[in-house]
Amino acid sequence: MLAAFIGFEVIRRVSPLLHTPLMSLTNALDAIAVVGAIILAGEHKSQLAAILGTIAIVAATSNIVGGFLITDRMLRMFKSSGPKRP
Amino acid sequence: MPTETFIEITYLIATVLFILSLKWLSSPTTARHGVWAGEVGMALAIGGTLLYRGIIDYKLVAIGLVLGCIIGVPLGKVQMTAVPQRTALSHAFGALCVTLVGTSEFYLRAPNISPFLMAVLSMEVILGSLTFTGSLMAAGKLQEILPQRPITYKGQNFVNLGMLALAVAIAAILAMHPEQIKLFPAMIIIPLIFGVMLVIPIGGADMPTVISLLNSYAGLSAAAMGFVLNSKLLIVAGALDGSSGFILSVIMSKAMNRSFTNVLFGGFGQIQAAATGVQEQRPVKSATAEEAAAILAAANKVVIVPGYGMAVAQAQHKVRELFDALTKRGVDVTFGIHPVAGRMPGHMNVLLAEADIPYDKLLDMDAVNGDMAQTDVALVIGANDVTNPAARTDASSPIFGMPILDVDKARTVMVIKRSMAAGFAGIDNPLYYLDQTLMLFGDAKNVVGNIVRELSGGDAHH
């Protein structure tokens, strides 16, 4: 509940300008679910758990890598018209 | 220090870093720190997890991580115009991960599951699986593999709600009687079908709302997974994602003047059904690129209103040239961006930033509307419904009440549009018949290119 509240307060202040990066960043952070998948695949308690866990790691890792990459690419594009521009 | 304590500490630091990450994202100047904080937090959490003593099979973990990177890198390098479908796809992946973990947890633990645990586990897999198929459908529609046109049939909402109710009922039964293991697959399959049904009636213009909503579901299912695994880190990350999706959904539905419940209960696409568009044949004034260039060159203040049409025509770089040409002549050029312009929240901003337009020139609806009466030219590029004055004046219009960009208050309005065909919502736009409106027919990229040529040609004459 506290997390949701903090999240609410923090995110409300993100300007509409950055809504797309916001979405891709929260997506990457959400992929922290990978820790659950790692434990599942690593513990290898059953065949099913190991297989599903591994697929889950693949899905989450691709979100982490892809999500951070694209967020950074997008943010690099946002430039101010301030001092740098003639 | 025991390994468990060490892992807990890495998780705690990661949690703090995640929150900071979003805090820094609130301004474009600090936003990139946000990405770094997120990356460090992620690396810490994964590193800590790998130390967990219960892990005996590092081979599978390594295979998973490597394959994930192989898929993830190309997904991080897609064209900026493909960002909406990439986002939808990543919601699908996130939801897939959560659903698979939930499923495994169920089979590992059943039937020794407490009602509370079963309830959150059900929430995890129901939200996860409906988000998975729903997001795949959305990605397919955005990539134009599937028809963009909404597909509707009678009793759609009834069928959808029925399916959802059934899934929840199964969840309730399982919470009471976790030994009914064979009910579990149904609790996955029904939401999988529900996800498809939920997105089928959605058309392109409703995509920003739907993507936000699916984002929220993906986050909530991850938070539920956090409760199942008793991981505070996951609860926090899921809650952050869930609330950001929720906030965006609320902003989007407000920007389309729909109540949030209307959106939640699959009320998407109803505007289209209501709008059987009575097309009037009224005269419009059209103009050539030459005339448009002359008017723009004489203006003091120009507001450019981009829409999905600009993205389709890939016109953002030409728009940048126009921006440069006009700015050089001393014209004050800003961009007015409606919250639902494009196919996902913030879509237009990213495209224009890609074209190197400084972000302080990208203004939101309220900022632009305040200045509209002092604006000489409002140039509408591939936007339609978000500029329709009927939303303000015509109570019978299906979009009545929707906040719009008041371009009709500018002295001159120029609209770049492929044809007189009605916009996505199928509603006629009275803007086009106003006295001060000039229509520039053609592909957005070509028309803007021609105007730029005229402007630079004009320089040569002086």
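Chain letters run A, B, ... following the sequence lines, proteins first and then strands; every chain starts at 1.
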Which one of [options] has the most heavy-atom pairs closer than 4.5 Å to chain A?
options	answer
B:Gly94, B:Pro339, B:Gly38, B:Ala222	B:Gly38
B:Val66, B:Leu229, B:Asn215	B:Asn215
B:Arg86, B:Lys59, B:Met225	B:Arg86
B:Glu354, B:Lys232, B:Glu39	B:Glu39
B:Ala355, B:Gly346, B:Ala45	B:Gly346
B:Ile357, B:Leu248, B:Ile337	B:Leu248

Considering all heavy atoms, the nearest B:Gly41-B:Ala14 contact |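 Reported closest heavy-atom pair: O-CB, 3.4 Å.
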Using heavy-atom distances under 4.5 Å, tell me whether [X] contacts chain A through its side chain, its backbone, both, or neither.
X	answer
B:Ile56	both
B:Leu50	side chain
B:Val83	side chain
B:Ile247	side chain
B:Val228	neither
B:Ser27	backbone
B:Leu362	both
B:Thr29	neither

Do [X] and [Y] have side chains that get closer than 4.5 Å, going by heavy atoms?
X	Y	answer
B:Met42	A:Phe68	yes
B:Leu136	B:Leu89	yes
A:Leu40	B:Glu105	yes
B:Asn349	A:Leu18	no
A:Pro21	B:Val350	yes
B:Lys361	B:Val333	no
B:Glu124	B:Leu220	no
B:Val236	B:Phe18	no

Between [X] and chain B, with a heavy-atom cut-off of 4.5 Å, which part of the residue counts as in contact: side chain, backbone, both or neither?
X	result
A:Ile38	both
A:Asn27	both
A:Ala50	both

Top contributor to chain B interface from [options] [non-hydrogen pairs under 4.5 Å]:
options	answer
A:Arg73, A:Arg76, A:Met74	A:Arg73
A:Val58, A:Val65, A:Leu25	A:Val58
A:Ile55, A:Asp72, A:Ile51	A:Asp72
A:Leu48, A:Val34, A:Leu22, A:Thr71	A:Leu22

Under the ring-ring contact (aromatic ring centres under 6.0 Å, His included) test, residues paired with B:Tyr58 that sit two or more places apart | none
Are B:Asp324 and B:Arg320 close enough for a salt bridge, meaning some N to O gap below 4.0 Å?
->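 B:Arg320 and B:Asp324: salt-bridged.
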Verify the distance criterion only: is there a donor paired with an acceptor across the side chains of B:Tyr217 and B:Ser135 at less than 3.5 Å?
-> no
Taking the six-membered ring for Trp, is the centroid-to-centroid distance between B:Phe184 and B:Tyr107 below 6.0 Å?
-> yes
